[in-house]
*Asks:* 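Take a look at the following structure, please.
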Amino acid sequence: MIIDAHQHFWNLEKVAYPWLDPSYGSICRSFDADELEPLIRKAGINKTVIVQAMNSYEDTEYMLKVAAEREWVGAVIGWVPLNIPEVADKKLQAYAANSYFKGVRHLIHEEKDPDWVIRDSVIEGLKILSSFGLTFDIVGVFPNHLKHVPYLAEQIPDLRMVIDHFAKPPIKEKQMGAWAEQFAAAAQYPNVYAKVSGLNTAADWHTWNSDDLRPYIDYALTHFGADRLMFGSDWPVANLAGDFEKVWEQTNQAISDYSEHERAAILGGSASKFYGIQAES
């Protein structure tokens, strides 16, 4: 089973996305399942994970509706107010009853406070999330958020977390440095995974290829192992620096020298295990 573990939908007529303004150019419009379906079919992808694009119930409910209509959706990563634990608890009781709802994400990189995710109230909300057996997608952007992952892992050892987009390493600058140190530190915790996603928009948008991605994926493989890495297209954000097809092809090229087991884990096995996605779901 091949899984795209990170893609988005947004319908500007049904849900408000204040962050999505004209400065985003080509992606400042609605993107729905009809547009993605032929792309995943061509790539041979069996399931996808729809990830929240707004801190709102409306976005979560829109994703769950799409999931119910498309047999190729394997999971939905929604949103609850983690910083208001008592409200998060009530909403999670309702959402957890939906078989597609597998975890939560919060746009922490949109918060003015770079330390938002380690506030006491948020830690309490994450403990509640963990009690439901649900996962947490960390959309942290280096250098503000990646450093918090070890603290989260120690405070909530039963919470399974995944670092979206490798926390945006300095690919364009062809550097490792502090990012590499923090990424390796996060990898020390077995409940932390990472997504091979969103790397193209961390590179030079116009010239990137598999050679730019490979050193960072290799580094992740060394520290996380393939069983804690998962591919995600980050569509339609990926369109800012290429398109779905280029991300799919170049990522596959970057991991072409890996073993059969490693490729299978990155392209589906790890996501299936992490999110509990079954072939028949």
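We count residues from 1, following the sequence as given. Note that this is a predicted model, so its numbers are computed, not measured.
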*Asks:* Roughly how far, to the nearest 0.5 Å, is CD of Glu262 from CG of Asp257?
*Replies:* 10.5 Å
*Asks:* In terms of relative ring orientation, are Trp235 and Phe9 parallel, tilted or perpendicular, with 30° and 60° separating the classes?
*Replies:* perpendicular
*Asks:* Indicate the atoms forming the closest heavy-atom contact of Ala67 with Val73, along with that distance.
*Replies:* CB-CG1, 3.6 Å
*Asks:* Going by the rule salt bridge (Lys or Arg N to Asp or Glu O under 4.0 Å), which residues pair with Asp113 if we only count those two or more places apart in sequence or in a different chain?
*Replies:* Arg119
*Asks:* Checking Ile108 against Val141 for the side-chain contact (heavy atoms from CB on, under 4.5 Å) test, could you report, in this order, the C-alpha distance in whole Å, the side-chain angles of both residues, the deciding distance, and whether it holds?
*Replies:* CA-CA 9 Å; Ile108 63 175; Val141 177; over 6 Å; no
*Asks:* From Asp89 CG over to Ser131 OG, what is the distance, rounded to the nearest 0.5 angstrom?
*Replies:* 6.5 Å
*Asks:* Can you list the residues that meet the ring pair (Phe, Tyr, Trp, His ring centres under 6.0 Å) rule with Tyr275, with sequence neighbours excluded?
*Replies:* none
*Asks:* Provide the closest heavy-atom pair for Ile27 versus Pro236 in the form atom of the first, atom of the second, distance.
*Replies:* CG2-O, 3.3 Å
*Asks:* Donor-acceptor pair, Lys195 side chain versus Ala5 backbone, under 3.5 Å?
*Replies:* yes
*Asks:* How many angstroms lie between CD1 in Ile45 and CG in Asp4, if you round to the nearest 0.5 Å?
*Replies:* 5.0 Å
*Asks:* Show the numbers, then the answer: is there a salt bridge (Lys or Arg N to Asp or Glu O under 4.0 Å) between Asp34 and Arg70?
*Replies:* CA-CA 10 Å; Asp34 287 339; Arg70 305 285 171 156; 2.6 Å; yes
*Asks:* Distance check, rounded to the nearest 0.5 Å: Gln93 atom CD versus Ile128 atom CD1?
*Replies:* 9.5 Å
*Asks:* If you compare all heavy atoms of Asp59 against all heavy atoms of Met54, which two are closest, and at what distance to 0.1 Å?
*Replies:* OD2-N, 3.3 Å
*Asks:* Is there a donor-acceptor pair under 3.5 Å between the side chain of Ser121 and the backbone N or O of Ile84?
*Replies:* no
*Asks:* Mind checking the CG-CD spacing from Asn83 to Glu111? Nearest 0.5 Å is all I need.
*Replies:* 7.0 Å
*Asks:* Mind checking whether Trp72 and Leu36 have side chains closer than 4.5 Å, heavy atoms only?
*Replies:* yes
*Asks:* Examine the side chains of Tyr258 and Asp218 and answer whether a donor and an acceptor come within less than 3.5 Å of each other.
*Replies:* yes
*Asks:* Can you check whether Ile255 reaches Val196 side chain to side chain, under 4.5 Å on heavy atoms?
*Replies:* no
*Asks:* Say whether, by atom type as modelled, one donor and one acceptor occur between the side chain of Asn55 and the main chain of Leu107 under 3.5 angstrom.
*Replies:* yes
*Asks:* Main chain of Asp234, side chain of His6: is a donor-acceptor contact present, judged purely on distance under 3.5 Å?
*Replies:* no
*Asks:* Strictly distance-based, threshold 3.5 Å: is any side-chain N or O of Ser272 a donor or acceptor partner for the main-chain N or O of Gly269?
*Replies:* no
*Asks:* Does the side chain of Lys42 come within less than 4.5 Å of Phe244's, by heavy atoms?
*Replies:* no
*Asks:* Between Met1 and Ile277, does a side-chain contact (heavy atoms from CB on, under 4.5 Å) hold up when you go through it step by step?
*Replies:* CA-CA 10 Å; Met1 184 166 53; Ile277 299 171; 4.3 Å; yes
*Asks:* Under a 3.5 Å distance rule, please check whether Ser30 uses its side chain to pair with a backbone N or O of Leu12 as donor and acceptor.
*Replies:* yes
*Asks:* State, yes or no, whether a side-chain contact exists between Val66 and Ile50 at a heavy-atom distance under 4.5 Å.
*Replies:* yes
*Asks:* Flag the pair Asp211 / Gln250 as yes when at least one side-chain heavy-atom distance between them is below 4.5 Å, and no otherwise.
*Replies:* no
*Asks:* Would you say the side-chain atoms of Asn200 pair up with the backbone N or O of Ala238, donor to acceptor, closer than 3.5 Å?
*Replies:* yes
*Asks:* Checking side-chain contact (heavy atoms from CB on, under 4.5 Å) against Ile77, which of Thr135, Leu134, Val139 comes through?
*Replies:* Thr135
*Asks:* How close do Ala88 and Val80 get, heavy atom to heavy atom, and via which atoms?
*Replies:* CB-CG2, 3.9 Å
*Asks:* Is the shortest side-chain heavy-atom distance between Trp248 and Leu39 below 4.5 Å?
*Replies:* no
*Asks:* Can you name the salt bridge (Lys or Arg N to Asp or Glu O under 4.0 Å) partners of Arg41, sequence neighbours left out?
*Replies:* Glu37, Glu71
*Asks:* Between Gln52 (side chain) and Gly78 (backbone), is there a donor-acceptor pair under 3.5 Å?
*Replies:* no
*Asks:* Apply salt bridge (Lys or Arg N to Asp or Glu O under 4.0 Å) to Lys246 and list each qualifying residue two or more places apart in sequence or on a separate chain.
*Replies:* none
*Asks:* Please report the closest heavy-atom contact between Gln253 and Ser210, naming both atoms and the distance.
*Replies:* CG-OG, 3.3 Å
*Asks:* In sequence, state the C-alpha distance, the side-chain angles, and the governing distance for Ser130 and Asp158, and then conclude on side-chain hydrogen bond (donor to acceptor under 3.5 Å, both in side chains).
*Replies:* CA-CA 6 Å; Ser130 176; Asp158 294 331; 5.1 Å; no
*Asks:* Without hydrogens or angle criteria, can the side chains of Asp115 and His148 be said to hold a donor-acceptor pair below 3.5 Å?
*Replies:* yes
*Asks:* Please work out whether the ring planes of Trp10 and Phe31 are parallel, tilted or perpendicular, with thresholds of 30° and 60°.
*Replies:* perpendicular
*Asks:* Indicate yes or no: at least one non-hydrogen side-chain atom of Phe183 is less than 4.5 angstrom from one of His223.
*Replies:* no
*Asks:* For Asp21, does the CG atom have more than 12 heavy-atom neighbours from other residues, nucleotides or ligands under 6.0 Å away?
*Replies:* yes
*Asks:* Does the side-chain contact (heavy atoms from CB on, under 4.5 Å) test come out yes or no for His145 and Trp116, once each step is laid out?
*Replies:* CA-CA 9 Å; His145 312 104; Trp116 182 91; over 6 Å; no
*Asks:* To the nearest 0.5 Å, how far apart are CG in Asp120 and CD in Gln155?
*Replies:* 8.5 Å
*Asks:* More than 12 non-hydrogen atoms from neighbouring residues, nucleotides or ligands closer than 6.0 Å to CD on Glu86, yes or no?
*Replies:* yes
*Asks:* Mind checking whether Phe224 and Val192 have side chains closer than 4.5 Å, heavy atoms only?
*Replies:* yes
*Asks:* What do the steps show when you test Trp208 against Leu199 for side-chain contact (heavy atoms from CB on, under 4.5 Å), and what is the final call?
*Replies:* CA-CA 10 Å; Trp208 75 273; Leu199 303 182; over 6 Å; no
*Asks:* Quick one: salt bridge (Lys or Arg N to Asp or Glu O under 4.0 Å) partners of Glu61, sequence neighbours excluded?
*Replies:* none
*Asks:* Could you pull out the closest heavy-atom pair between Lys273 and Arg160, with the gap in Å?
*Replies:* O-NH1, 4.2 Å
*Asks:* Under a 3.5 Å distance rule, please check whether Thr251 uses its side chain to pair with a backbone N or O of Val247 as donor and acceptor.
*Replies:* yes
*Asks:* Under 3.5 Å, side-chain donor or acceptor atoms of residues 162-176 against the rest of the protein: list the pairs with distances, not counting sequence neighbours.
*Replies:*
| unit_1 | atom_1 | unit_2 | atom_2 | d |
| --- | --- | --- | --- | --- |
| Asp164 | OD2 | Arg105 | NH1 | 3.2 |
| His165 | ND1 | Ser197 | O | 3.4 |
| His165 | ND1 | Ser197 | OG | 2.7 |
| Lys168 | NZ | Gly198 | O | 2.6 |
| Lys168 | NZ | Thr201 | OG1 | 2.5 |
| Lys174 | NZ | Asp212 | OD1 | 2.7 |

*Asks:* For the side chain of Asn46 and the backbone of Ile2, is there at least one donor-acceptor N/O pair under 3.5 Å apart?
*Replies:* yes
*Asks:* Relative to each other, are the rings of Trp19 and Tyr17 parallel, tilted or perpendicular (30° and 60° limits)?
*Replies:* perpendicular
